[in-house]
Protein chains: 2
Amino acid sequence: MQSFTIENYLKKIYHLTQRENKPVQTNAIADGMNTSAASVTDMIKKLSAKKLVNYTKYQGVTLTEEGNKKAINIIRKHRLWEVFLVNTLHFKWDEVHEIADQLEHVKSDVLIDRLEKHLNYPITDPHGDLIPDKNGLFKDVNFKPLNLLHQNQEATIVGVSEHSSSFLKRLEELNLIIGQKITFINVVDFDNSIEIKILDNQINISKEIAKNILITI
Amino acid sequence: MQSFTIENYLKKIYHLTQRENKPVQTNAIADGMNTSAASVTDMIKKLSAKKLVNYTKYQGVTLTEEGNKKAINIIRKHRLWEVFLVNTLHFKWDEVHEIADQLEHVKSDVLIDRLEKHLNYPITDPHGDLIPDKNGLFKDVNFKPLNLLHQNQEATIVGVSEHSSSFLKRLEELNLIIGQKITFINVVDFDNSIEIKILDNQINISKEIAKNILITI
DNA sequence: ATATTTTTTTAGATTTGTCTAAAAAAATAT
DNA sequence: ATATTTTTTTAGACAAATCTAAAAAAATAT
Ligand SMILES: [Mn+2]
Ligand SMILES: [Mn+2]
Ligand SMILES: [Mn+2]
Ligand SMILES: [Mn+2]
């Protein structure tokens, strides 16, 4: 019963591991899950007993192969549902995350197969995040933050690394949406903001925004 | 947390009330939910405290207006998801119930609105069960069991009152699917089985089957 | 009217996931 | 090297949903 609590822990540990490649600390999980460190310790012990994480007291956790596989599968489901919500039900990209957080826990492999087929085997979700295949494999791509471009380099927006609704809405206002072509002009010394050309206009965006936009050249 | 336990109780009480129009007994719920009578008594008290059921000890329960509304909303969601699974993802009608039992608990009114629109405002689910509208109102229809037809009456299959996979699969084998036109021939005295004409063939079906097929004239 | 059977409720436990407060360990600063 | 701060764990409790066994009430049979 209630197996989606475990699923949410695995997902959180997975994402925290991606960011920094070392054992995830109890407090980091607690923060990310809006719960207490004590609760996390309790849960870690359960996950460890189920062989879903490697755990030694005071040393943080890493996912076992089994735990990793489970986490990736949930992420796969989450992202496919997001594609469904945007492509089939016409939600906007800033409206789908919370609903997908519920849908990702529905258990039925054949459902996900059919959904994937219906969506025509998408490679990325509405935010440009890669959708792992049935075996948990991610396609190899070359996405990097917009702020790492050089003068006069052209690039195409392919994703975002921040998913808050306010950020996504702001991007839409600026036409900084997936598929959009942009040209890097220069960095403004004073505040590190960035000038870019988009749809024949030159605009200025903060470094904060720039580094959360992923592009490919 | 875990509000779908409550939702499942409400749904079960709703369905049991439909069958016999009187307070639902503890044991009936326990049977239907595969749980113990003691657990049901516990839960009934909680539902009663939340004013979702009317309860007096030893007298069974009925849904309050609030409880009824909630139950109907879950049924609405269940049936819309079943339509989605059959129409959009091409599942067969005997494959969708268990998945819909999970999907029905996803919380998002706008999701259901969009789903309903995507499905083109269906009136019935894949089993011919009516889909209540947003206000919980059911369309008024005139469905009755096939076994109540008279000699030579023509009718169209519009639903089923039994949802087991084995029953649905059997119906499909016999071409007894929704939309199919049939003609009632006669009842066989010996075993109360029924002769019908379907697609220019005459076939015999048991009374058990006949009474679980809903038709309209 | 009494006895028997069936149904329902209570009593007391258990499991899951959570909490706060206190103790222990590890990391950091002086 | 010691003291201070931060992080993590333990101890003990709680709410939700479940269980079994026993008691109580209601229904049924004689
Ligand atoms: Mn998301
Ligand atoms: Mn996403
Ligand atoms: Mn169903
Ligand atoms: Mn149905």
Side-chain angles (χ1 to χ4, degrees), chain A residues 1-14 16-17 19-63 67 70-71 74 101-102 104-105 107, chain B residues 1-14 16-17 19-63 67 70-71 74 101-102 104-105 107:
Chain A
M1 176 105 309
Q2 189 63 57
S3 93
F4 63 74
T5 304
I6 286 178
E7 294 184 349
N8 284 334
Y9 270 92
L10 293 177
K11 193 172 53 148
K12 181 57 71 183
I13 295 167
Y14 177 89
L16 290 169
T17 307
R19 243 185 258 170
E20 308 209 40
N21 200 27
K22 55 179 183 185
V24 179
Q25 300 198 115
T26 304
N27 267 354
I29 300 171
D31 281 8
M33 308 263 304
N34 267 74
T35 188
S36 71
S39 303
V40 172
T41 301
D42 287 348
M43 179 54 75
I44 282 172
K45 285 184 194 158
K46 271 176 225 165
L47 296 177
S48 181
K50 285 181 194 290
K51 304 218 185 291
L52 296 169
V53 298
N54 305 114
Y55 172 56
T56 26
K57 271 191 194 178
Y58 296 100
Q59 300 308 124
V61 291
T62 57
L63 293 171
K70 284 218 156 99
I74 298 155
D101 266 349
Q102 298 182 63
E104 71 191 9
H105 302 293
K107 263 140 217 84
Chain B
M1 172 110 309
Q2 188 62 58
S3 93
F4 63 72
T5 304
I6 286 178
E7 293 184 349
N8 284 336
Y9 269 92
L10 293 177
K11 194 172 56 147
K12 182 55 71 181
I13 294 167
Y14 177 88
L16 290 169
T17 307
R19 242 185 258 169
E20 307 211 39
N21 199 28
K22 57 178 181 188
V24 179
Q25 300 198 115
T26 304
N27 267 352
I29 299 171
D31 280 8
M33 309 263 303
N34 267 73
T35 189
S36 70
S39 303
V40 173
T41 302
D42 287 347
M43 179 54 74
I44 282 172
K45 285 184 194 159
K46 270 176 226 165
L47 296 177
S48 181
K50 285 183 195 289
K51 303 218 186 289
L52 295 170
V53 298
N54 306 112
Y55 171 56
T56 26
K57 269 191 194 174
Y58 295 101
Q59 299 308 124
V61 291
T62 57
L63 292 171
K70 285 218 156 99
I74 298 155
D101 265 349
Q102 298 182 63
E104 72 190 6
H105 301 294
K107 265 140 213 89

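Keep in mind that what you see is a predicted model, and the values were worked out from it rather than measured. Each chain gets a letter, A, B and so on, in the order its sequence line appears, and its residues count up from 1.
- Listed by residue number, the members of residues 41-48 of chain B with any heavy atom below 4.0 angstrom from DNA chain C are B:Thr41, B:Lys45.
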I'd like a table of atom pairs between the protein and nucleotides 24-26 of chain D - only N or O on both sides, under 3.5 Å - with the distance next to each one.
from	atom 1	to	atom 2	distance (Å)
D:dA25	O4'	B:Tyr58	OH	3.4

Quiz: residues 32-40 of chain A side-chain donor-acceptor pairs under 3.5 angstrom, not counting sequence neighbours:
from	atom 1	to	atom 2	distance (Å)
A:Ser36	OG	A:Ser39	N	3.1
A:Ser36	OG	A:Ser39	OG	2.9

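- In this structure, CZ of A:Phe4 is placed 14 Å from C1' of C:dT18, rounded to the nearest angstrom.
- Proximity of residues 29-39 of chain A to DNA chain C (heavy atom under 4.0 angstrom from any strand atom) is restricted to A:Thr35, A:Ser36, A:Ala38, A:Ser39.
- Every residue meeting the salt bridge (charged side-chain N to carboxylate O under 4.0 Å, His left out) condition with A:Lys11, not counting sequence neighbours, appears here in chain and number order: A:Asp101, A:Glu104.
- The salt bridge (charged side-chain N to carboxylate O under 4.0 Å, His left out) test applied to A:Lys57 returns no partner, not counting sequence neighbours.
- At the phosphate of C:dT8, neither OP1 nor OP2 sits under 4.0 Å from any side-chain N or O atom of B:Tyr55.
- At the phosphate of C:dT18, OP1 or OP2 sits under 4.0 Å from a side-chain N or O atom of A:Tyr9.
- Considering every non-hydrogen atom in both A:Pro23 and A:Gly60, the closest pair reads CB-C, 4.2 Å.
- Phosphate proximity of C:dT7 to B:Gln25: absent, as no side-chain N or O sits under 4.0 Å from OP1 or OP2.
- At the phosphate of C:dT8, OP1 or OP2 sits under 4.0 Å from a side-chain N or O atom of B:Asn27.
- Partners of A:Glu7 according to the side-chain contact (heavy atoms from CB on, under 4.5 Å) rule, which considers only residues two or more places apart in sequence or in another chain, are A:Ser3, A:Phe4, A:Ile74, A:His105, A:Lys107.
- Sorted by first and then second residue, the salt bridge (charged side-chain N to carboxylate O under 4.0 Å, His left out) pairs with a member in residues 21-48 of chain B read B:Glu20-B:Lys22; sequence neighbours excluded.
- The side-chain heavy atoms of A:Met43 and A:Leu47, taken from C-beta on, include a pair separated by under 4.5 Å.
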### Message
Output the pairing pattern of DNA chain D as a dot-bracket string, 5' first, Watson-Crick or G-U wobble with both distances under 3.5 Å, | for cross-strand pairs, [ ] for crossing pairs.
### Response
||||||||||||||||||||||||||||||
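- Nearest approach of A:Ala71 to A:Leu63, heavy atoms of both residues: CB-CD1, 4.1 Å.
- A:Ile29 is not listed as a side-chain neighbour of A:Gln25, based on a closest heavy-atom distance of 4.5 Å or more.
- Between B:Val24 and B:Ile13, the shortest heavy-atom distance links the atoms CG2-O, 3.9 Å.
- Residues passing the side-chain contact (heavy atoms from CB on, under 4.5 Å) test with B:Asn54 are B:Thr62, B:Thr64, sequence neighbours excluded.
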### Message
Show, in sequence, the C-alpha distance, side-chain angles and deciding distance for A:Leu16 and A:Lys12, and conclude whether the side chain to side chain contact (heavy atoms under 4.5 Å, CB included) test is met.
### Response
CA-CA 6 Å; A:Leu16 290 169; A:Lys12 181 57 71 183; 3.9 Å; yes
